[in-house]
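Residue numbers start from 1 in every chain, and the chains themselves are labelled A, B, ... in the order their sequence lines are given, proteins ahead of strands. Every heavy atom of this structure was used, including side-chain atoms; hydrogens, water molecules and symmetry mates were not.
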Amino acid sequence: MIPKSNSPTAQAPLLQVSDLRCAFKSSKRKGFFGPHHLIHAVNGVSFEVNAGEAFGLVGESGCGKSTTAKLILNMAHASGGSVLYRGQELVGLSHQAWKPLRRRLQYVFQDPLGALDPRMTVLDQVIEPLTIHQLHDRNQQRQLATQLLHSVGLQDHQLRKYPHELSGGQRQRVVLARALILEPELLICDEPISALDVSIQAQIINLLQELRRAMGLTLLFISHDLSVVRHLCERVAVMYLGQIVEMGPAKQLFNEPRHPYTQALISAIPKADPGQRSERIPLMGEPPSPAAPPAGCRFNPRCALATERCRNEVPTLVQSGDNHAVACFEAKIPVTEVA
Amino acid sequence: MTPLYALQKITRALLTVLLIVSTVFIVLRLSGDPAIYVLGLDADPQALDAFRTRWGLDQPIFVQYLQFLSNCLQGDFGYSYFEERDAMEAVLERLPQTLLLMGVTGLFTVLIGIPAGVYAALHHNSWIDRMTMLVSVAGFSLPNFVLGIFLILLFSVTWQLLPTGGSGTWQHLVMPVLTMTVAEAAVFARFTRSAMLEVLHQPYMRTARAKGLRWHQAVRRHALPNAAIPLVTVVGFFVGTLIAGGVVTESVFAWPGLGRLLVTSVANRDLAVVQIIVMLIACSMVLTNLIVDLLYGWLDPRVGSLRTGN
Amino acid sequence: MTTHTEIAAPRRAKWQLKLPLLIWFSIAWLALMLLIAVTGDLWQPYEYQAIDLHARLQPPVWLEGGSWSHIFGTDHLGRDVLSRLVTSIQVSLLVALVGTLIGAVMGTLIGLIAAHFRGWVDDLVMIAIDYQAAIPFMILALAVVAFFSNSLLLFILLMGIYGWERYARITRGLALSSIQHGYAVAVRTLGASPWRIYGRHILPNIANALIVNMTLNFPQTIMLETSLSFLGLGIQPPMTSLGNMVGFGRDYLLTAWWLASLPALVIFFTTLAFALLGDWVRDRLDPTSR
Ligand SMILES: Nc1ncnc2c1ncn2[C@@H]1O[C@H](COP(=O)(O)OP(=O)(O)OP(=O)(O)O)[C@@H](O)[C@H]1O
Ligand SMILES: [Mg+2]
């Protein structure tokens with residue numbers, strides 16, 4: 001797919017996240033007047049999203065996926081690292097400087113009802129981004145919004161309704177339309193379907209794929225549902241407790257997961273063909289709290305392969321020749337593929 | 001209740017008291033030159049200077065502030081030029097009368113408000129419930145002075161049963177207490193009713209019934225104690241309305257308490273007295289809220305252990 | 001919010017059977033007060049300050065010795081009680097209205113500021129709110145009047161400050177929760193300015209709660225104003241307010257009971273009507289609160 005890019009270096013990634021960090025103050029203090037505990041929700045995350053591709057970010061609940069997305073969009077305060085968008089640094093940019101960028105980076109929320117203003121009609125909410133960016137006159141705005149709402153599958157009589165009068169799937173379509181009306185280049189979808197019924201999830205995923213094709217969108221797709229990511233994304237990163245533990249082309253990562261955590265996650269995906277059933281690798285225990293991460297590899301307390309080294313040393317993300325990276329001392333990297 | 005929780009609450013209360021005293025100092029200085037205020041605008045400049053030196057008003061403001069604080073600690077709050085004696089003395093003399101009025105009112109408020117609220121809740125949506133709520137709305141919509149005037153017209157003017165004002169016998173106490181109790185009990189009944197309703201809808205009430213407890217047993221053993229907990233939190237609010245209501249009521253019935261003294265002192269701009277009464281009220285509010293906090297922490301273990309996490 | 005309306009409907013239904021009659025009375029009474037306040041002159045047979053020493057302490061028309069020339073009688077200076085009542089209603093309602101508006105605007109603004117900046121600004125606002133809520137406002141008002149001496153402007157300002165903390169607390173709480181998750185964040189990612197977010201999205205969504213609080217605050221402001229005026233520390237003569245009239249009438253309870261009781265009745269009916277109507281409005285707008 002050819003991105004509608006006008007940047008001088010077409011090969012450079014659209015979005016380049018490096019060593020991104022975010023620490024929240026916990027409400028707990030150390031002692032009576034001591035400093036607050038810090039929760040390192042995102043702890044040195046690096047990845048790239050190329051123009052035109054769909055990049056998946058997966059991981060258990062609470063591992064920092066949403067926080068990563070919020071850091072990229074400047075909705076949370078990064079305590080370190082950088083986010084380059086077409087070579088432009090986004091971390092620490094002012095509200096004024098962000099405004100033109102908002103047209104190009106859009107965000108789709110987990111909970112479509114919460115993301116919509118309960119006191120505005122659907123049509124008005126889709127028009128609002130155009131008003132904010134002072135695009136087109138009133139009539140044109142209405143026309144554009146109506147068109148877009150039609151193309152995401154809403155009917156005329158639904159345009160004047162309020163969010164609570166729509167179904168969950170319809171609401172998510174509205175949220176999509178609102179994000180797309182600015183014709184963004186990069187769409188960040190934060191678990192856009194997790195609040196929906198399974199039957200409707202498929203509809204929204206198909207819609208996303210169609211829109212992607214039609215508009216040449218780049219997608220950063222966040223989910224804890226691996227089968228959806230496998231279906232939709234070309235490349236995938238797996239997060240665990242604020243860090244990326246494995247990253248690579250989707251097909252390869254799903255077929256030959258290298259990190260024990262990824263292996264456990266993938267083995268838990270229900271298989272379509274029952275004959276093909278493989279042994280399910282159980283995950284031991286709960287993920288530890290990000291306020292008190294374990295020493296060494298963050299996964300070691302739950303890992304069957306953990307050694308002494310894993311308990312003391314922190315593994316880094318090591319990339320092999322096939323663009324498949326893993327952060328594990330014990331990972332079996334096929335010999336032929338090591339660069 | 002953890003000691004840490006108690007310590008934190010007590011520290012907070014002390015800080016608030018300091019804040020109050022400081023505010024009074026700032027307001028006192030903002031309100032004009034005390035020398036001119038006491039001696040008059042056309043006073044002899046030399047006399048003014050002498051006055052300022054005498055009261056330390058020529059010192060830097062910070063020194064004055066420290067002086068003010070140390071005076072407060074020693075209970076020296078200045079001289080009432082209107083009463084022509086130590087201001088603290090004038091205030092302390094009135095205190096028992098106010099405490100008597102508030103105490104009796106508080107007693108009746110609880111004795112009337114709680115049964116009325118509980119009864120209304122137990123007969124939710126019956127005509128008795130609705131009447132109680134209607135009377136309660138009427139009760140707290142009735143300003144103290146309006147009710148007081150009507151009571152005087154009725155009991156003193158028409159029936160000539162009770163004295164219109166003053167203090168000394170129990171007859172003097174009837175109308176002021178009645179006036180304040182109506183408004184207080186009205187609100188108290190309302191609070192009790194909604195606290196009770198809340199509790200009656202809890203799952204453990206159904207469990208208690210399922211265990212075979214009779215309805216009135218379940219109410220007595222489970223509903224009443226649990227409904228009492230939220231009531232504790234509004235005690236601070238009640239002391240506040242009692243004090244404010246007392247100011248008006250004492251004035252209506254010429255009751256020789258702090259409230260009436262406050263009103264006459266404000267009218268005469270007797271700042272030394274006003275200052276003491278305001279600080280006294282503020283401190284007793286802080287103390288009340290502290291006691292409520294500690295009591296609440298003791299009654300409800302979830303609160304008592306310094307809230308952690310989210 | 002809106003979605004809860006259907007769920008809560010059955011519980012309200014029982015109240016509806018009883019209330020409408022009282023609600024009608026309340027609305028009628030408040031409409032009458034409003035009419036009197038707006039068209040004051042039409043109801044005033046005399047200048048409210050006009051003294052007529054030949055007609056002092058005349059009883060109302062329905063009592064022995066009363067006459068149609070002074071329907072509600074006259075006071076100790078021979079001033080027409082009806083005329084004074086009309087002006088008093090105007091003054092009391094106006095002061096309460098201006099006071100309520102000032103408090104609503106101030107409190108809402110402070111609440112929004114706390115929610116927007118958070119951190120130490122928020123801490124400061126919260127301390128101020130707790131501090132304000134801990135001290136009975138009447139005492140504070142009396143102290144301010146004592147220290148700075150009374151003037152109409154100061155008094156109206158005081159009435160405005162009264163109750164600010166409740167608006168601030170409501171606004172802060174609701175704004176905080178909508179800033180953090182939901183539509184406000186969504187609109188921010190669209191590039192909206194804070195002005196737009198607060199003005200077009202957050203305020204309209206918390207308006208209900210603020211209106212409910214205003215219906216509570218308005219009668220309370222009337223009660224505070226009339227109480228202070230009754231004590232002689234509010235509205236000062238030659239101006240008059242309902243509390244003022246009761247205060248001066250108190251000295252004539254034995255000889256001319258109507259002087260104090262007529263304005264007292266007006267105060268009672270007005271605050272009662274507001275309380276009943278407020279309860280009703282609250283049930284309508286905010287079915288989750290009881
Ligand atoms: N505002 C905040 N203050 C304090 N801690 C926070 C805050 N936001 C997130 N966290 C913590 O940061 C961690 C990561 O949260 P995040 O929302 O990014 O998780 P997630 O991967 O998106 O999970 P989910 O799949 O449930 O959405 C969690 O432990 C969470 O408790
Ligand atoms: Mg999330």
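Nearest heavy atoms, A/His95 versus C/Ala192: CE1-O, 3.4 Å. Counting all heavy atoms, side chain and backbone alike, A/Ala115 lies closest to C/Ala186 at O-CB, 3.4 Å.
Residues passing the ring-ring contact (aromatic ring centres under 6.0 Å, His included) test with C/Phe137, sequence neighbours excluded: C/Tyr162.
Contact of C/Arg196 with chain A is made through the side chain alone, with heavy-atom distances under 4.5 Å. Heavy atoms closer than 4.5 Å to chain C are found in the backbone of A/Leu116, but not in its side chain.
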*Please report the C-alpha distance between C/Val187 and A/Asp117 in whole Å, then the side-chain angles of each, then the deciding distance to 0.1 Å, and finally whether the side-chain contact (heavy atoms from CB on, under 4.5 Å) criterion is met.*
CA-CA 9 Å; C/Val187 182; A/Asp117 189 328; 6.0 Å; no
_Evaluation steps, side-chain contact (heavy atoms from CB on, under 4.5 Å), between A/Phe109 and C/Val185_ = CA-CA 10 Å; A/Phe109 286 82; C/Val185 181; 3.9 Å; yes
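Of all the listed residues (A/Lys70, A/Gln125, A/His133, A/Arg103), the one sharing the greatest number of non-hydrogen pairs under 4.5 Å with chain C is A/His133. The candidate with the highest count of non-hydrogen atom pairs below 4.5 Å against chain C, out of A/Asn74, A/Leu101, A/Ile132, A/Leu105, is A/Ile132. Each of A/Gln106, A/Lys99, A/Gln96, A/Glu165 has some count of heavy-atom pairs under 4.5 Å with chain C, and the biggest count is that of A/Gln106. Taking A/Arg102, A/Arg178, A/Met120 one by one and counting their heavy-atom pairs under 4.5 Å with chain C, the maximum is reached by A/Arg102.
Heavy-atom contacts from other residues, nucleotides or ligands closer than 6.0 Å to NE2 of A/His77 number 12 or fewer. For C/Phe148, the CZ atom is densely surrounded, since the number of other residues' heavy atoms within 6.0 Å is greater than 12.
Salt bridge status for A/Glu128 with C/Arg200: absent, with no side-chain N to carboxylate O gap under 4.0 Å.
Between C/Tyr183 and A/Pro163 there is no side-chain heavy-atom pair separated by less than 4.5 Å.
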Acceptor/donor pairs from residues 103-112 of chain C side chains to any protein atom, 3.5 angstrom cut, sequence neighbours excluded:
| residue | atom | partner | partner atom | Å |
| --- | --- | --- | --- | --- |
| C/Thr108 | OG1 | C/Ala104 | O | 2.5 |

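With values rounded to the nearest 0.5 angstrom, A/Tyr107 atom OH is found 11.5 Å from C/Arg188 atom CZ.
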